[in-house]
Structures are given as structure tokens and as C-alpha cells.
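Below you'll find the structure, written out as C-alpha cells, and then a few comments.
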Amino acid sequence: MSKNTLTLRDNRTGKTLDLEIQQGVAGPPVVDIRSLYGEMGIFTLDPGFKSTASCTSQITFIDGEKGILLYRGYPIEQLAEKSSFSETAFLLMKGQLPNQQELDEFNDLLTHHTMVHEQLLNFYQGFRRDAHPMAIMVGVVGALSAFYHDSLDIHDPQHREISAIRLLAKIPTIAAASYKHSIGQPFIYPDNHLDYSSNLLKMLFAVPSEEYEVNPVIAQALDKILILHADHEQNASTSTVRLAGSTGANPFAAISAGISALWGPLHGGANEAVLNMLHEIGDVKHLPKYLKRATDPDDPFRLMGFGHRVYRNHDPRARVLREEAQKVLTALGRHDDPLFKLALELERIALEDDYFIKKKLYPNVDFYSGIIESAMGIPSNMFTVMFALARCVGWIAQWKEMIVDKDQVIGRPRQLYTGAAQRDYLPINKR
Ligand code: CMC
């Protein structure tokens with residue numbers, strides 16, 4: 001028996017099976033159970049994938065115990081401080097940092113695909129003015145597959161590449177239009193003289209009747225926010241993109257599925273929920289009441305922006321964002337922002353609370369992002385859209401990795417059936 005195996009014994013039959021234990025570059029070892037059903041006729045049960053790796057990946061690594069996040073090996077703190085969003089996007093998609101020429105070419109490609117097919121803009125008129133911008137994102141990003149037929153062959157590397165660039169380049173345009181639609185302002189066309197984040201700000205906040213000048217402090221902070229949200233290994237939305245993509249669906253459809261998965265309040269929707277929660281708490285004096293509710297097992301209330309499936313330590317993204325929030329608020333002359341003060345105090349008392357200490361619950365990326373975005377003038381119903389826009393890079397990188405993975409097959413989980421045993425149909429008068 002090899003040292004690198006886990007022996008499984010079925011006590012009903014005495015049959016044993018040696019399963020290979022694989023060690024990645026970092027992280028816990030993984031038992032390869034692919035032969036389990038064939039050899040033993042047994043499935044595994046793991047709701048929520050708490051112990052299950054769904055794929056091998058070379059893109060992002062998280063050490064949840066130590067609070068480490070690496071994109072292609074680079075610590076997130078270094079990328080947030082030194083990189084730009086487009087450079088990080090190149091890194092995630094291609095596997096290494098670009099040289100100057102590669103970055104220039106990549107930026108040029110992104111800039112020249114920012115416009116969407118004019119007919120696509122007609123879709124917005126079909127949405128009610130009060131539609132949630134995420135609802136619009138799901139529809140319009142999915143609709144890209146109805147417009148770009150020339151890049152839908154997922155087996156053609158060039159098609160995959162052009163689809164990836166189109167998605168990355170067009171998603172800010174689509175996101176900004178979803179906001180403009182909700183406030184009844186005309187869509188602003190992309191400005192190819194601007195970098196990714198500055199262009200996004202302009203499309204969100206400019207109006208055709210006035211000059212718009214990008215505030216560099218805000219543009220830089222936004223770029224940082226996008227970097228921090230760009231990928232996070234096999235989270236719910238990324239796994240959704242992989243699962244949808246595993247069927248051979250085109251990337252626009254797969255990414256639209258990812259946007260749907262991201263929307264929920266336990267995932268990307270948490271940033272909007274955090275702000276709503278802070279507004280509901282309203283004042284520092286109400287914090288103890290809400291903390292008590294969060295720790296009451298009979299109360300469904302949770303502290304939004306706290307806890308994480310993988311991190312059992314500080315989420316490194318939250319740390320960067322807390323510092324950034326301070327910087328942005330100071331630059332905007334809002335260092336006394338009551339919401340930020342409330343958030344800081346909530347963090348302080350939660351981190352001293354036995355319940356949060358015992359369960360290792362720390363602020364996650366969503367805790368501070370809404371506060372900065374709100375200071376930038378972004379409304380709370382757009383927070384998750386901003387998350388989706390940034391995560392689009394990760395989804396694309398993971399989708400591209402999956403398509404060329406030789407182990408890739410259609411994702412098709414099994415189940416433990418607990419319903420009725422086979423029975424015969426009874427005519428209605430006999431029931
Ligand atoms: N407030 C109060 N209790 C919590 C919280 C919280 N925010 N998060 C987890 N717990 C408790 C939970 O009740 C459970 O207690 P018990 O063991 O007594 O049943 C325990 O901690 C473990 O929680 P879990 O739900 O089993 O853990 P999970 O890994 O399945 O869930 C989570 C992770 C992020 C869904 C959860 O922590 C949560 O609901 N947080 C609030 C929503 C949020 O901020 N989501 C954003 C996540 S980060 C960005 C992203 O993924 O998009």
C-alpha cells in the first residue's frame with residue numbers, strides 16, 4: 001500500500017479500495033475519488049461542497065487559515081498596491097504578468113471592443129425603470145450570445161480569445177447602461193482615451209450636456225476594488241460558470257449564469273446587504289442589539305459582510321478595502337462619514353465577541369466595499385453589478401482553463417435519494 005493513498009473499507013462487504021492522495025503546490029492534500037463508484041458502487045455526499053474539490057486549477061489560491069489570497073502566485077496586497085486592473089486581468093487570463101508591449105496591446109484590444117452592438121441597447125427599453133440592475137445584467141450579458149455569432153465556437157482558441165476580450169471590454173458598458181436606465185439618463189458611450197476604471201466612471205456619471213472630469217483618486221480606488229474582486233477560486237458563481245460551461249454552452253451564456261449566482265446575498269449580493277444593514281442599525285447605540293440577534297441561533301439575522309466559507313482569518317481583501325475606504329473618504333473630505341464609523345465600531349465589537357471568535361468569523365470583502373462605492377456616488381443597488389464586472393475576468397479565466405482541461409467532462413453531481421420508493425400510478429378516484 002502506497003503512503004500516498006487513503007484506504008477505504010466497506011464494512012458491509014470487507015472490500016477495500018486505495019484512493020490516491022494528490023498534493024497540489026499548496027493547500028490541503030486531495031483524495032481522488034473518481035474510481036469510487038466504479039470500484040465500490042458508492043457515491044459521496046457533500047452538500048455545499050465543504051470537502052470537495054471540483055477541479056484542478058492554476059489561477060487563484062486561498063489559504064483560509066492564514067488569510068492569504070494569491071492570483072497566479074502573486075499576493076493580492078501587492079497587486080492592489082502596484083498593479084492596474086487591466087494588468088491583473090492579463091495576469092489572470094494568461095498566467096503571467098505582461099511586459100509593456102503585451103500590456104499596451106491588451107489595453108488596445110480592450111479599448112477597441114468597448115462598444116456594444118447598437119441593437120443590444122434596445123434591450124434596456126424592455127426593462128422596467130425600477131428593475132434591479134443585476135436583473136438587467138443577467139439578461140443583457142446573456143443576450144450577447146445573440147449578437148456575436150462569429151465567436152461562439154468554444155473549441156476554436158481564437159473564438160475563445162475574442163469572446164473573452166469582448167466580455168471584458170463590454171461589461172463596463174453594459175453595467176453603466178443598466179445604471180443609466182434605472183435613473184432615466186441617456187447612455188454614455190465609452191471613451192477610448194480613458195483607462196478601464198476611468199472609462200467606467202465616465203459612463204456611469206457623465207451626462208451628454210456637460211463636461212465630465214474623472215477624479216483620479218476615485219478612479220484609482222475603483223481600479224483597486226476591481227483588482228480585489230477579480231477572482232476567488234471555486235466560489236459559487238465561478239463554479240456556476242464552470243458548470244454551465246461544462247455543457248458546451250457559449251461563454252456569454254455561462255457568464256450570465258455566473259451573474260445570477262453572484263446576485264444572492266450570501267455571495268456578491270452581500271455588499272448591498274451590508275449597506276442596507278448599516279442603515280438599518282443606524283447608530284452605534286443599536287449595535288449590541290444587532291450583535292445579539294446575529295448570535296442568536298433562533299434568529300435568521302446574520303451580520304452581513306462577516307464570515308466566509310474559506311477564510312478562518314482576516315479576509316486580506318477586507319483589510320485593503322478598510323484602508324482604502326479611509327483614504328477615499330479623507331480625499332473626498334468625508335473623514336467623519338457616519339456609516340464608516342459605524343462599520344469600524346461594528347467590526348471592533350464583533351471581533352471581540354465570543355461567538356465570532358469561536359466561529360472564526362471576520363469581515364469579508366463585502367464589508368467595506370459598499371462604503372467606498374457609496375462615497376464614490378455609486379448607489380447600493382449597483383454594488384453587486386460592480387462585483388460582477390470585476391469578477392467577469394475570473395469567470396473568463398476559469399472558463400478558458402476548464403475548456404482546455406483534459407479531465408473536463410460535463411458537471412453532473414449525484415444524489416442520495418430520499419423520496420418515495422417505486423410505486424404504481426393510481427387512478428384519481430382511487431387516491
Ligand atoms: N453572522 C452570524 N453568524 C454567522 C455568520 C454571520 N455573518 N456567518 C456564519 N455564521 C455562523 C453560522 O450561523 C454557523 O453557525 P452554526 O455552526 O452554529 O450553525 C457558522 O457560523 C458557520 O456558518 P456557515 O453558514 O455554516 O458557513 P458557510 O461557510 O456555509 O457560509 C457565508 C459562509 C459567507 C455564507 C456565511 O458566513 C454568511 O452567511 N455570511 C454573511 C453573508 C456574507 O457576508 N457573504 C459574503 C461572503 S464573501 C464574498 C462572496 O463570496 O461573494
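For ligands, and for the atoms within them, numbers begin at 1 and follow the listed sequence.
- For atom 5 (C) of ligand 1, the closest non-hydrogen atom on the protein side is Leu361 CD1, 3.8 Å.
- For a threshold of 3.5 Å applied to N or O pairs, the pair formed by Arg317 and ligand 1 contains no separation below that value.
- For a threshold of 3.5 Å applied to N or O pairs, the pair formed by Gly305 and ligand 1 contains at least one separation below that value.
- Asp299 has no carboxylate O lying under 4.0 Å from a charged side-chain N of Lys292, or vice versa, which leaves the two without a salt bridge.
- You'll find the side chain of Tyr74 reaches within 4.5 Å of the side chain of Leu97, heavy atoms only.
- At a heavy-atom distance under 4.0 Å, only side-chain atoms of Lys50, from C-beta outward, approach ligand 1.
- When only non-hydrogen protein atoms are considered, atom 49 (C) of ligand 1 lies nearest to Asp366 OD2, 3.0 Å.
- Within the 4.0 Å heavy-atom shell around ligand 1 one finds Phe387.
- Closest heavy-atom approach to atom 37 (O) of ligand 1 within the set Gly307, Gly264, Pro297: this belongs to Gly307.
- When hydrogens are left out, the protein atom nearest atom 16 (P) of ligand 1 is Lys359 NZ, 3.5 Å; that is the closest non-hydrogen contact.
- Distance from atom 30 (O) of ligand 1 to its nearest protein heavy atom, with residue and atom name: Arg309 NH2, 3.0 Å.
- Nearest protein heavy-atom contact of atom 11 (C) of ligand 1 is Tyr355 OH, 3.4 Å.
- Among the candidates Phe90, Tyr71, Phe106, Tyr196, the single residue satisfying the ring-ring contact (aromatic ring centres under 6.0 Å, His included) test with Phe85 is Tyr196.
- Heavy-atom distances between Gly48 and ligand 1 stay at or above 4.0 Å for every pair.
- Between Phe43 and Tyr37, the gap from one ring centroid to the other is short of 6.0 Å.
- Taking the centre of each ring, Phe387 and His232 stay at or above the 6.0 Å mark.
- Distance remark: protein heavy atom not present below 4.0 angstrom from atom 27 (O) of ligand 1.
- Within ligand 1, counting atoms from 1 as listed, the ones closer than 4.0 Å to a heavy atom of Ala294 are 2 (C), 3 (N).
- With a 4.0 Å heavy-atom cut-off, ligand 1 is reached by the backbone of Leu266 and by its side chain too.
- Annotation: atom 50 (C) of ligand 1 to nearest protein heavy atom, His267 ND1, 3.3 Å.
- Among all protein heavy atoms, the one lying closest to atom 39 (O) of ligand 1 is Arg302 NH1, 2.7 Å.
- Ligand 1 places these atoms under 4.0 Å from at least one heavy atom of Val365: 49 (C).
- A donor-acceptor distance shorter than 3.5 angstrom exists from the side chain of Glu401 to the backbone of Gln58, with no hydrogens or angles considered.
- Note that Arg293 lies in the cation-pi zone of Phe301, set by a 6.0 Å cut-off to the ring centre and a 45° limit from the axis.
- Look at Lys94 and Glu161 and you find a salt bridge, because one of the NZ, NE, NH1 or NH2 atoms lies within 4.0 Å of a carboxylate O, short of that distance.
- Closest protein heavy atom to atom 41 (C) of ligand 1: Phe306 O, 3.4 Å.
- Protein non-hydrogen atoms do reach within 4.0 Å of atom 33 (C) of ligand 1.
- Stacking of Arg322 on the aromatic ring of Phe367 is not recorded, the 6.0 Å distance cut-off and the 45° axial limit not both being met.
- Within the 4.0 Å heavy-atom shell around ligand 1 one does not find Asn235.
- When distances from atom 21 (O) of ligand 1 to the protein are checked, a heavy atom turns up under 4.0 Å.
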